[in-house]
Amino acid sequence: MKIVCLVKEVPDSEAKITVENGKIKETGVKFIVNPYDEYGIEEALKIKEAGGEHQVFILTFGTERAKKVMESAMALGADEGFLVADGSAPDCDSHTTAKVLAAALNKIGFDMIFCGKQAIDDDSSQVGVRVAEMLSLGHASVVNKFELTDGKVKVERQIQGGQEVIEMPVPCVITCQKGLNDPRYPSLKNIMAVKKKPRTVFTLDDIGLSADDVGVNGSFVEVTKFEPPLEKAPGRVIEGEPEDTAKELIRSLREEAKVI
Amino acid sequence: MVLIIAEHQNGQVKKTLAECLSAAKQLAEKLGGEIHAVLIGSSLDELASQIDGFAIKKLHLIDSPELEKATTEKQADALAPFVKGGEFKAVLGPASAWGRDLTARLAAKIPCGLATDCTELRWDGDKPIFYRPVYAGKAFANVAFKNGVIMATLRPNVFPPDEKTGETPEKGTITYDAGSVASQILDIIRKATGRVELTEADIIVSGGRGIKGAENWGILEELADTLGAALGASRAVVDAGWIEHSHQVGQTGKTVSPKIYFACGISGAIQHLAGMSSSKVIVAINNNPEAPIFKAATFGIVGDMFKVVPILTEEFKTIVD
Ligand SMILES: Cc1cc2nc3c(=O)[nH]c(=O)nc-3n(C[C@H](O)[C@H](O)[C@H](O)COP(=O)(O)OP(=O)(O)OC[C@H]3O[C@@H](n4cnc5c(N)ncnc54)[C@H](O)[C@@H]3O)c2cc1C
Ligand SMILES: Nc1ncnc2c1ncn2[C@@H]1O[C@H](COP(=O)(O)O)[C@@H](O)[C@H]1O
């Protein structure tokens, strides 16, 4: 099986994000593999290690810079990496991003697709599901248990008040949630091996798309501006002995905040 | 026209319908047209009657035994022709686990844009702007639709729910021709906890590493039970194995916005704040006055949670009784 893992380049979750003139300022920010995508890579590697003829591919859509992140994802043990490199990537909405990824997937071929439940920059949680629709595949999102037997995928996902068990044939798209597995760290051996493994950089043209398909032109939505979070009025610290603080808190909740 | 996708579970239409309605009213006023809603599932008559009284012109039912246990793929399949053919300019749904999943598939089918997990509806003249958190709440995006159907999911508990005004929506049925979908629900495993679900709770009592061990949840459980609250947790305690992941609040857990969020022994890491900072009132109980949670808190108590929480529970009991 060709197992393709979609991997997005995102700012480190600890990064300080600042907004300047309505835009996100990314200077000094470290870029990493989107944390949820690591669960997908881990699951793909587990399938491969369980035996059989399998290859694990990394697919990233981003600017040239994203090559590094694609390689860090490969360093977990993937066989091949693909980057669709285009300057328009940051301006693509979820629809356009999915369109690019679907086109690239058609180009490289796939038997199974893993991705993250959401990217920790746009927090949009759409791309994987959209890719499934564009490729006419089944999907299960926010999955925390995965099993593959006889060409059938059986997964579990958290729903309100319980778990849902879903089954579907491969190929399909699984969007991964924490709890699915414990992603490994890159080993020195695998880090060294990346440079020897095939790494392909596609242009839009290579996957049959043009500049009109992507960026602001190809998107249904656009971010007109970013804003920093509203500064909250500083809270009030209630001091005193436990009995007094408890009483004062309840009074505040009733009379000031009026929530009880 | 504006369409609201109504969510239901265990025979109850969710409150998110009323929340979507308040935003739908604004959209209908500016964009023109009626407000409609759609319910999808099987044996929907009882559920439909729960919508009587809301200011919705027409309620469409996609009712089929085929949809009893349907994946969102199948539900989107059922909805897409209707949404496409219905002259709907805008479609609103809940940013719940179900709503996010369904709308992503539906938006891809239309195809159209989708603004996920919005916390505010703004206007730029007569152009709606959907305001939503990004980078785990470290920034907010103003999302505008350039063309096509406007589709958005709204974060539960954030928009004021619209009140019932006494009208009864007209009812219509939409026939569903089962297409061929790949995914199929085999089973739904419910855990009977007796407690409210986190994402729906009005009050949440959450514990962090300050709880010191799994054996100490009792003090938080008692406060939660006194208040009819849900039980939340930080990632640190989930990773330590003191509580299940389904209780985790934050970037890699659930996003919640209750009326009151009690953060007990939680330091207030950015990833935790990402999941709860839209709560109306945040109460922090922490013995370290420097803990970052106090910056996010509406009310803070600097003290030992093992002393403060039980007293708080007793005080609440006297007013609840
Ligand atoms: C990619 C990524 C995703 C993450 N996602 C999440 C997420 O979804 N949710 C999440 O919560 N975290 C998440 N984290 C982890 C987060 O960074 C913090 O490590 C975590 O939230 C800390 O949990 P805590 O506040 O319980 O523990 P700590 O930071 O150890 O804080 C414990 C607090 O308890 C206080 N305390 C100790 N004893 C007492 C006492 N007797 N009485 C009162 N207070 C006491 C201490 O003063 C301290 O402030 C994520 C991290 C990463 C890198
Ligand atoms: N530019 C991209 N390149 C590769 N994968 C992506 C890209 N954008 C999104 N994805 C995948 O889709 C998932 C969901 O992203 P999002 O819908 O943006 O929250 C991510 O976790 C990735 O697996």
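- Looking at A:Glu248, neither its backbone nor its side chain comes within 4.5 Å of chain B, counting heavy atoms on both sides.
- Closest approach of B:Lys138 and A:Asp12 over heavy atoms only: NZ-O, 4.4 Å.
- The minimum heavy-atom distance between A:Pro169 and B:Ala182, with the atom names listed, is CD-O, 3.5 Å.
- A side-chain donor-acceptor contact under 3.5 Å links A:Gln126 to the backbone of B:Leu114.
- No side-chain heavy atom of A:Asp121 sits less than 4.5 Å from a side-chain heavy atom of B:Val134.
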Hey, mind stepping through B:Arg190 and A:Gln163 against side chain to side chain contact (heavy atoms under 4.5 Å, CB included) and telling me if it holds?
CA-CA 6 Å; B:Arg190 293 205 188 284; A:Gln163 289 273 108; over 6 Å; no

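- If you take CD1 on B:Ile110 and NE2 on A:His95, they are separated by 12.0 Å, rounding to the nearest 0.5 Å.
- Contacts of A:Glu222 with chain B are made by both backbone and side-chain atoms, with heavy-atom separations under 4.5 Å.
- For B:Ile311 against A:Pro242, the heavy-atom pair with the smallest separation is CD1-CB, 3.5 Å.
- Comparing A:Asn144, A:Leu230, A:Asp93, A:Thr224 by heavy-atom pairs within less than 4.5 Å of chain B, the highest count is held by A:Thr224.
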Please evaluate residues A:Asp122 and B:Arg132 with respect to the criterion salt bridge (charged side-chain N to carboxylate O under 4.0 Å, His left out), reporting the C-alpha separation (whole Å), side-chain torsions for both, the decisive distance (0.1 Å), and the verdict.
CA-CA 10 Å; A:Asp122 60 32; B:Arg132 55 181 299 269; 5.9 Å; no

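- At a 4.5 Å heavy-atom cutoff, B:Val181 makes no contact with chain A through either its backbone or its side chain.
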Let me see the working for A:Lys225 and B:Ile129 under side chain to side chain contact (heavy atoms under 4.5 Å, CB included), right down to the final yes or no.
CA-CA 10 Å; A:Lys225 78 174 180 217; B:Ile129 302 286; over 6 Å; no

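- Counting only heavy atoms from C-beta outward, the side chains of B:Gln251 and A:Ile120 approach each other to under 4.5 Å.
- Neither the backbone nor the side chain of A:Glu241 has a heavy atom closer than 4.5 Å to any heavy atom of chain B.
- Using a 4.5 Å heavy-atom threshold, the side chains of B:Ile260 and A:Ile260 count as touching.
- With a 6.0 Å radius and a threshold of 12 heavy atoms from other residues, nucleotides or ligands, A:Lys258 has its NZ atom at or below the threshold.
- Each of A:Val129, A:Thr175, A:Ile159 was evaluated against B:Asp101; a single residue qualifies, A:Val129, per the side chain to side chain contact (heavy atoms under 4.5 Å, CB included) test.
- Taking chain B as the reference chain and counting heavy-atom pairs below 4.5 Å, the highest number among A:Ala257, A:Pro228, A:Ser252 is found for A:Ser252.
- Residue A:Ile24 touches chain B through its side chain alone, counting heavy-atom pairs closer than 4.5 Å.
- In this structure, chain A has a heavy atom under 4.5 Å from the side chain of B:Ile282, while its backbone stays farther away.
- Distance check, rounded to the nearest 0.5 Å: NZ of B:Lys109 to CE of A:Met134 gives 12.0 Å.
- Note that CD of B:Gln184 is 6.0 Å distant from CD of A:Glu167, once rounded to the nearest 0.5 Å.
- Proximity to chain B (any heavy atom under 4.5 Å) is restricted, for A:Asn217, to the backbone atoms N, CA, C and O.
- Neither the backbone nor the side chain of B:Lys74 has a heavy atom closer than 4.5 Å to any heavy atom of chain A.
- Contacts of B:Thr71 with chain A are made by side-chain atoms alone, with heavy-atom separations under 4.5 Å and no backbone atom involved.
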Decide yes or no on side chain to side chain contact (heavy atoms under 4.5 Å, CB included) for B:Phe316 and A:Leu253, but give the supporting numbers first.
CA-CA 11 Å; B:Phe316 273 120; A:Leu253 290 173; 3.9 Å; yes

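- For a residue to count as touching a neighbouring chain, one of its non-hydrogen atoms must lie under 4.5 Å from one of that chain's; by this rule B:Ser277 touches chain A with the backbone only.
- Residues A:Phe220 and B:Met151 are not in side-chain contact: their nearest non-hydrogen atoms beyond the backbone lie 4.5 Å or more apart.
- Contact annotation for B:Tyr131: only side-chain heavy atoms (C-beta onward) come within less than 4.5 Å of a heavy atom of chain A.
- For B:Glu314, no part sits under 4.5 Å from any heavy atom of chain A, backbone or side chain.
- Proximity to chain B (any heavy atom under 4.5 Å) is shown, for A:Val127, by neither the backbone nor the side chain.
- Heavy-atom neighbours of B:Lys307 NZ from other residues, nucleotides or ligands within 6.0 Å: at or below the threshold of 12.
- Around the CG atom of A:Asn21, the shell of radius 6.0 Å holds no more than 12 heavy atoms that belong to other residues, nucleotides or ligands.
- Within the 4.5 Å cutoff, no side-chain heavy atoms of B:Ile301 are placed close to those of A:Glu239.
- A donor-acceptor pair under 3.5 Å links the side-chain atoms of B:Lys146 to the main chain of A:Ser219, judged by distance alone.
- Contacts between A:Leu249 and chain B at a heavy-atom distance below 4.5 Å involve the side chain alone, from C-beta outward.
- Interface remark: A:Lys154 contributes side-chain atoms only to the contact with chain B (heavy atom separation under 4.5 Å).
- Side-chain atoms of B:Thr298 never come within 3.5 Å of backbone atoms of A:Gly235 as a donor-acceptor pair (strictly under, hydrogens ignored).
- A:Ser94 does not touch chain B: none of its heavy atoms, backbone or side chain, sits under 4.5 Å away.
- Proximity of B:Leu186 to A:Ile166: side-chain heavy atoms (C-beta onward) are nowhere separated by under 4.5 Å.
- Contact check for B:Thr72 versus A:His139: side-chain heavy atoms found under the 4.5 Å cut-off.
- In this structure, the portions of A:Ala132 lying under 4.5 Å from any heavy atom of chain B include both its backbone and its side chain.
- Interface residue B:Thr199: only side-chain heavy atoms are found under 4.5 Å from chain A.
- Here the straight-line distance linking atom CZ of B:Phe294 with atom CZ of A:Arg236 works out to 13.5 Å at 0.5 Å rounding.
- Atom CG of B:Asp117 sits about 7.5 Å away from atom OG of A:Ser125, to the nearest 0.5 Å.
- With chain B as partner, the option from A:Ile250, A:Val237, A:Thr96, A:Val19 having the largest number of non-hydrogen pairs under 4.5 angstrom is A:Ile250.
- Of the atoms belonging to A:Pro35, not a single heavy atom falls under 4.5 Å from chain B.
- When every heavy atom of B:Ala107 is checked against every heavy atom of A:Arg130, the shortest pair comes out as CB-NH2, 3.4 Å.
- Of the atoms belonging to B:Lys127, not a single heavy atom falls under 4.5 Å from chain A.
- Interatomic distance, CD of A:Glu26 versus OH of B:Tyr135, reported as 4.5 Å (0.5 Å rounding).
- Of all the heavy atoms in B:Gly113 and A:Val221, the pair that sits closest is CA-CG1, 3.9 Å.
- Chosen from A:Glu227, A:Met168, A:Gln118, the residue pairing most often with chain B at heavy-atom distances under 4.5 Å is A:Glu227.
- A:Phe226 places none of its side-chain heavy atoms less than 4.5 Å from the side chain of B:Asn142.
- Closest of all the heavy-atom pairs between A:Ala246 and B:Glu315 is CB-CG, 4.1 Å.
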